[in-house]
Amino acid sequence: MVEVRITETEAYGGLDDPASHAARGRTPRNQPMFGLAGTVYIYRIYGMHWCANIVTGDLGDPQAVLMRGGVVTKGNEVAVRRRGRTVGLADGPGKLTQALGITDAFNNSSVNVPGSFSLEPGKEPSEIQQTPRIGISKAVDRLWRFCYA
DNA sequence: CAGCGGATCGCCT
DNA sequence: GGCGATCCGCTGC
């Protein structure tokens with residue numbers, strides 16, 4: 001089992017957020033975003049990598065948080081095997097999912113249930129930096145990328 | 001070490 | 001038909 005401390009996230013704000021996959025309404029791909037809070041939304045990016053979101057809004061309100069990066073705190077050996085390298089194990093959205101073994105098999109599941117992955121509170125960050133979201137050209141005024149230690 | 005481009009595919013235009 | 005909520009290897013300084 002691999003455990004990471006999440007150090008980087010991005011928020012996506014639902015129908016009002018032009019940068020969200022759900023901005024244009026429900027599609028087969030983004031359907032999990034319209035589920036209950038705690039629903040897992042996985043999508044493939046650039047044809048190669050998986051990215052993992054946790055839905056935070058109520059049913060029908062497609063808000064979610066993208067897990068963008070973290071540091072491995074348990075299961076380093078497994079993470080290294082999955083990543084095929086010993087550094088940069090989870091410092092990016094695709095790397096994070098690969099290190100954790102998250103694929104589209106988890107799409108539309110929920111966190112903290114058997115057969116999916118779990119989230120639990122960690123140490124309160126002492127400082128949180130906010131910046132525009134990475135790779136996003138829309139809604140740049142929304143500082144919804146959060147980095148912390 | 002920074003910069004560039006290839007890989008690769010589902011979804012929207 | 002084109003482009004992304006990306007990563008990695010290779011190039012050239």
Side-chain angles (χ1 to χ4, degrees), chain A residues 2-112 116-119 122 125 127-149:
Chain A
V2 177
E3 177 182 288
V4 305
R5 172 171 171 80
I6 303 294
T7 56
E8 182 179 349
T9 61
E10 281 179 6
Y12 288 88
L15 297 171
D16 285 344
D17 183 359
S20 170
H21 284 177
R24 294 175 178 273
R26 191 186 299 237
T27 69
R29 178 174 68 149
N30 66 26
Q31 179 271 339
M33 291 187 79
F34 291 79
L36 292 167
T39 299
V40 175
Y41 168 47
I42 310 289
Y43 65 92
R44 190 188 279 287
I45 188 64
Y46 296 118
M48 335 219 4
H49 306 286
W50 299 111
C51 292
N53 292 260
I54 314 297
V55 173
T56 56
D58 291 331
L59 193 64
D61 181 13
Q63 305 190 41
V65 170
L66 169 68
M67 300 189 293
R68 268 197 66 85
V71 293
V72 175
T73 51
K74 280 184 189 170
N76 190 268
E77 192 172 320
V78 176
V80 166
R81 192 182 323 137
R82 285 176 176 157
R83 293 277 299 118
R85 66 207 65 243
T86 59
V87 296
L89 293 177
D91 58 342
K95 303 180 193 181
L96 179 75
T97 54
Q98 191 180 14
L100 288 172
I102 294 175
T103 68
D104 66 334
F106 293 89
N107 191 38
N108 210 25
S109 68
S110 298
V111 296
N112 297 26
S116 189
F117 59 90
S118 299
L119 281 180
E127 183 188 0
I128 301 179
Q129 297 176 33
Q130 295 184 231
T131 73
R133 293 168 288 185
I134 300 296
I136 298 288
S137 54
K138 299 166 184 163
V140 178
D141 57 312
R142 300 185 184 182
L143 304 184
W144 285 358
R145 172 175 176 247
F146 303 88
C147 296
Y148 46 93

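Within every chain, numbering begins at 1; the chains are lettered A, B, ... in the order of the sequence lines, protein sequences first and strands thereafter.
- Aromatic stacking of A:Tyr12 on C:dA5: satisfied, with centres closer than 5.5 Å and planes within an angle under 30 degrees.
- Not counting sequence neighbours, the partners of A:Tyr43 by the ring pair (Phe, Tyr, Trp, His ring centres under 6.0 Å) test are A:His21, A:Tyr41.
- For the pair A:His21 NE2 and C:dT6 C1', the computed distance is 12 Å after rounding to whole Å.
- Closest approach to the A:Thr27 side chain among C:dG4, B:dC11, C:dA5 is made by B:dC11 (side chain taken as heavy atoms from C-beta onward).
- In this structure, the nucleotide among B:dC11, C:dC8, C:dT6 sitting nearest to the side chain of A:Arg83 is C:dC8.
- Rounded to whole angstrom, the span from the CZ atom of A:Arg24 across to the C1' atom of C:dA5 amounts to 16 Å.
- A:Ile102 has its CD1 atom 16 Å from the P atom of C:dT6, to the nearest Å.
- As a whole-Å value, the separation of A:Arg29 CZ from B:dG10 P is 11 Å.
- Across the strands present, C:dG2 finds its partner in B:dC11; the criterion is a Watson-Crick or G-U wobble pair with both atom distances under 3.5 angstrom.
- When the nucleotides C:dA5, B:dC9, B:dT13 are ranked by their closest atom to the side chain of A:Arg44, B:dC9 comes out on top.
- Distance, A:Gln98 CD to C:dA5 P: 20 Å, rounded to whole Å.
- Going from the P atom of B:dG5 to that of C:dC3 covers 15 Å, rounded to whole Å.
- When the side-chain nitrogen and oxygen atoms of A:Arg85 are compared with OP1 and OP2 of C:dC7, none of them lie within a distance under 4.0 Å.
- Under 4.0 Å is where a charged nitrogen must lie from a carboxylate oxygen, and between A:Arg133 and A:Asp17 at least one such pair does.
- Counting non-hydrogen atoms of other residues, nucleotides and ligands closer than 6.0 Å to CD of A:Glu77 gives a total of 12 or fewer.
- The shortest distance between the side-chain N/O atoms of A:Ser20 and the OP1/OP2 oxygens of C:dA5 is not below 4.0 Å.
- Distance check, rounded to the nearest 0.5 Å: OG1 of A:Thr56 to CG of A:Leu36 gives 12.0 Å.
- Taking atom CG on A:Asp104 and atom P on C:dA5, their separation rounds to 18 Å, with Å as the unit.
- Nearest nucleotide to the side chain of A:Lys95, out of C:dC8, C:dG4, B:dA7: C:dC8.
- Among the protein residues, A:Asn30 comes within range of no part of the nucleic acid, since none of its heavy atoms lies under 4.0 Å from any strand.
- Counting non-hydrogen atoms under 4.0 angstrom, A:Leu66 reaches a base of the nucleic acid.
- Between the P atom of C:dC7 and the NE2 atom of A:His49 lies a distance of 6 Å, rounded to the nearest Å.
- Between A:Asn107 atom CG and B:dC11 atom C1' the separation is 14 Å, expressed in whole Å.
- Here the side chains of A:Glu8 and A:Leu96 are not in contact, with every heavy-atom distance at 4.5 Å or above.
- Between the side chain of A:Arg5 and the backbone N or O of A:Ala149 there is at least one donor-acceptor pair closer than 3.5 Å.
- Side-chain nitrogen and oxygen atoms of A:Lys138 include none within less than 4.0 Å of the OP1 or OP2 phosphate oxygen of C:dA5.
- In terms of polar N and O atoms assigned as donor or acceptor, the side chain of A:Tyr43 comes within less than 3.5 Å of the base of C:dA5 in a complementary pairing.
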